[in-house]
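These values consider heavy atoms only, across backbone and side chains, with no hydrogens, waters or symmetry-generated copies. Just so we're clear, the structure is a prediction, and the values are computed from it rather than from any experiment.
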Amino acid sequence: VQLQASGGGLVQAGGSLRLSCAASGRTFSSHGMGWFRQAPGKEREFVGTINWNSGSTVYSNSVKGRFTISRDNAKNTVYLQMNSLKPEDTAVYYCAAWSGSGYSVPNFQSWGQGTLVTVSS
């Protein structure tokens with residue numbers, strides 16, 4: 001699976017942004033897709049996942065209620081809609097193929113190149 005994340009940029013606090021992750025290749029081999037983020041000097045942080053078939057989602061507590069993950073199976077694309085953004089959401093956001101076994105980094109592979117989201121106060 002090859003992944004390409006896009007849609008990052010600069011936004012003011014309280015604003016919204018939508019990220020996209022286009023998948024190509026053996027997408028059927030993954031259970032779903034996940035989003036992570038990594039702020040400068042910090043470890044990569046789990047954001048959420050979506051199951052390719054059922055569309056069920058799981059979110060971290062830090063983004064629950066503000067972020068929404070969706071997918072378009074016909075386009076092999078997953079989206080991360082981010083609302084009510086906060087300065088602490090500033091990070092490089094990554095998408096990755098999810099094995100379905102858990103939510104830690106080893107359960108994800110084929111990481112995309114990342115897209116930078118900057119939230120100004």
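Put simply, the side chain of S20 never gets that close to the backbone of S6: no donor and acceptor are under 3.5 Å apart. The backbone N or O of S54 sits nowhere less than 3.5 Å from a side-chain atom of S56 that would complete a donor-acceptor pair. The backbone N or O of A5 lies less than 3.5 Å from a partner atom in the side chain of Q113, making a donor-acceptor pair. In this structure, the side chain of S110 does not engage the main chain of Q2 through any donor-acceptor pair within 3.5 Å. Judged purely by atom type and a 3.5 angstrom limit, Y59 uses its side chain to pair as donor or acceptor with the backbone of I69.
Taking the six-membered ring wherever Trp is involved, the centroid distance between the rings of W111 and F36 falls below 6.0 Å.
Q81 approaches S16 most closely through the heavy-atom pair NE2-CB, 3.9 Å. Nearest heavy-atom pair across N76 and W52 is C-CH2, 4.0 Å. Pairing each heavy atom of L3 with each of A23, the nearest pair is CD2-CB, 3.4 Å. Nearest heavy atoms, V58 versus Y103: CG2-OH, 3.3 Å. Listed here is the closest heavy atom pair of A96 and F108: CB-CB, 3.8 Å. Between V78 and W35, the shortest heavy-atom distance links the atoms CG1-NE1, 3.5 Å.
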>> With side-chain contact (heavy atoms from CB on, under 4.5 Å) as the criterion, how do R37 and V117 come out once you've worked through the C-alpha distance, each side chain's angles and the decisive distance to 0.1 Å?
In response: CA-CA 9 Å; R37 65 186 182 184; V117 172; over 6 Å; no

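For N53, there are no side chain to side chain donor-acceptor pair (under 3.5 Å) partners, not counting sequence neighbours.
Applying the disulfide (SG to SG under 2.5 Å) definition to pairs two or more places apart or across chains, those involving residues 68-121 are C21-C95.
Put simply, the residue from L85, L10, L17 that forms a side chain to side chain contact (heavy atoms under 4.5 Å, CB included) with V119 is L85.
S62 and E88 form no side-chain donor-acceptor contact under 3.5 Å, judged by distance and modelled atom types alone.
Clustering ILVMFWY residues whenever any of their side-chain heavy atoms sit less than 4.5 angstrom apart, transitively, puts M82 in a cluster other than the one holding Y79.
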